[in-house]
Amino acid sequence: MEALQDRPVLYKYTLDEFGTARRCAVVRGFIDALTRGGPGGTPRPIEMHSHDPLRYVGDMLAWLHQATASEKEHLEALLKQVTLQGVEENMQEVVGHITEGVCRPLKVRIEQVIVAEPGAVLLYKLSNLLKFYHHTIRSIIGTSVASLLITVEEMHLLSKKMFFNSLSLHASRLMDKVLEEHGNFVFYLFKLKLLDGC
């Protein structure tokens, strides 16, 4: 890459090709981690834990965090000798492109977990987990306009919205129960007053 920095067109083309090749490898690796697990079955496939929403989402995000960090290290090694201005922006752009391919499968799986309405406590935990990984992955990528970060932020907002909806529903049920019990008590007092008046 050091030799190509004097030829901007070839330099940009090479970075784009590297990003496209790595993007395919990351998507394939993510799907394999979800469905096949590691070599020899260790670690087990992430989807084996889909019955435990917090672990399922946490494992997917942890895998993506590790993959994002590895891809940035690969780029840093590739561009180590480059002295051009804007190398950091190039790395952010390419890492964003590489991780963009996993957005759709990640979003679909997290939406399935959130929409299943696992309860207010679990939704709160998921919201905080998503917020944590958004912050952690943003520190690696360095920009908040990457598609992966936008997807994680959307899922964070969705889980937060569903948490507040679940909380509101639970509160309204409790209020209905209190009003029902209170209404029965008023009716009982009214009956007693009628009987006393006879």
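Predicted model, so just to flag it, every value in this text is computed and none were measured. Values below: every heavy atom of this structure, side chains too, minus hydrogens, waters and symmetry copies.
- Under the 4.5 Å side-chain contact rule for hydrophobic residues, Val113 and Trp63 share a cluster.
- In this structure, Phe163 and Leu126 have side chains that are not in contact, with every pair of non-hydrogen atoms separated by 4.5 Å or more.
- Closest approach of Val94 to Phe18, counting heavy atoms only: CG1-CD2, 4.4 Å.
- At least one donor-acceptor pair closer than 3.5 Å links the side chain of Gln5 to the backbone N or O of Thr83.
- Side chain of Ser166 to backbone of Met162: no donor-acceptor contact under 3.5 angstrom is found.
- Formation of a donor-acceptor pair under 3.5 Å by the Arg138 side chain with backbone atoms of His134 is not found in this model.
- A salt bridge links Asp16 to Lys12: at least one charged side-chain nitrogen sits closer than 4.0 Å to a carboxylate oxygen.
- Between the OG atom in Ser159 and the CD atom in Glu111 there is a gap of 11.5 Å [rounded to 0.5 Å].
- Neither Leu157 nor Ile114 shares a network with the other; the hydrophobic side chains, linked directly or stepwise wherever heavy atoms of I, L, V, M, F, W or Y lie under 4.5 Å apart, form separate groups for each.
- Looking only at distances, no side-chain donor or acceptor of Ser127 sits under 3.5 Å from a matching main-chain atom of Leu123.
- Leu148 is listed as a side-chain neighbour of Val152, based on a closest heavy-atom distance under 4.5 Å.
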Side chain to side chain contact (heavy atoms under 4.5 Å, CB included) between Val108 and Arg104: does it pass, once the steps are laid out? CA-CA 6 Å; Val108 167; Arg104 187 73 186 136; 3.8 Å; yes
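- Looking at Glu153 and Lys131, no side-chain N of the basic residue comes within less than 4.0 Å of a carboxylate O on the acidic one, giving no salt bridge.
- Scanning all heavy atoms of the two residues, the minimum distance from Thr35 to Glu47 falls at CG2-OE1, 3.9 Å.
- Atom CD of Gln85 is surrounded by 12 or fewer heavy atoms from other residues, nucleotides or ligands within 6.0 Å.
- Side chains of Leu64 and Val102 form a contact here, defined as non-hydrogen atoms less than 4.5 Å apart.
- Atom CD of Glu117 is surrounded by 12 or fewer heavy atoms from other residues, nucleotides or ligands within 6.0 Å.
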Verify side chain to side chain contact (heavy atoms under 4.5 Å, CB included) between Met155 and Val57, making sure each step is shown before the conclusion. CA-CA 11 Å; Met155 294 301 95; Val57 173; over 6 Å; no
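- Rounded to the nearest 0.5 Å, atoms OG1 (Thr136) and CD1 (Ile141) are 11.5 Å apart.
- Going from atom CG of Leu10 over to atom CD of Glu17 covers 11.5 Å, rounded to the nearest 0.5 Å.
- Under a hydrophobic-cluster definition in which Ile, Leu, Val, Met, Phe, Trp and Tyr are linked whenever side-chain heavy atoms come within less than 4.5 Å, directly or via other members, Leu106 and Met48 are assigned to different clusters.
- When side chains are defined from C-beta on, Tyr124 does not count as touching Lys160, because their heavy atoms never get closer than 4.5 Å.
- The cluster map of Ile, Leu, Val, Met, Phe, Trp and Tyr, joined by side-chain heavy atoms under 4.5 Å apart, puts Ile98 and Val82 in the same cluster.
- Counting only residues at least two apart or on different chains, the side-chain hydrogen bond (donor to acceptor under 3.5 Å, both in side chains) pairs with a member in residues 64-82 are Arg22-Glu71.
- At least one side-chain heavy atom of Ile110 sits less than 4.5 Å from a side-chain heavy atom of Leu130.
- Asn128 contributes atom CG, which lies 10.5 Å from atom NZ of Lys125 (distance to the nearest 0.5 angstrom).
- Residues Gly96 and Ala146 approach most closely at CA-CB, 4.1 Å, considering heavy atoms.
- Residues Leu79 and Leu15 have side chains in contact (heavy-atom distance under 4.5 Å, counting atoms from C-beta outward).
- In this structure the side chain of Leu149 never reaches within 4.5 angstrom of the side chain of Val145, judged on heavy atoms.
- Both Val87 and Val95 sit in one connected hydrophobic cluster of ILVMFWY residues. Membership requires side-chain heavy atoms under 4.5 Å apart, directly or through other members.
- Put simply, CG on Leu54 and NE2 on His49 are 13.0 Å apart, with the number rounded to the nearest 0.5 Å.
- Here OH of Tyr56 is found 8.0 Å from CD1 of Ile46. Values are rounded to the nearest 0.5 Å.
- Between Leu34 and Pro45, every side-chain heavy-atom pair lies at or beyond the 4.5 Å cut-off.
- In plain terms, the two heavy atoms of Ala62 and Tyr133 that are nearest each other are CB-OH, 3.5 Å.
- Judged purely by distance below 3.5 Å, without hydrogens or angles, the side chains of Tyr11 and Asn90 pair a donor atom with an acceptor atom.
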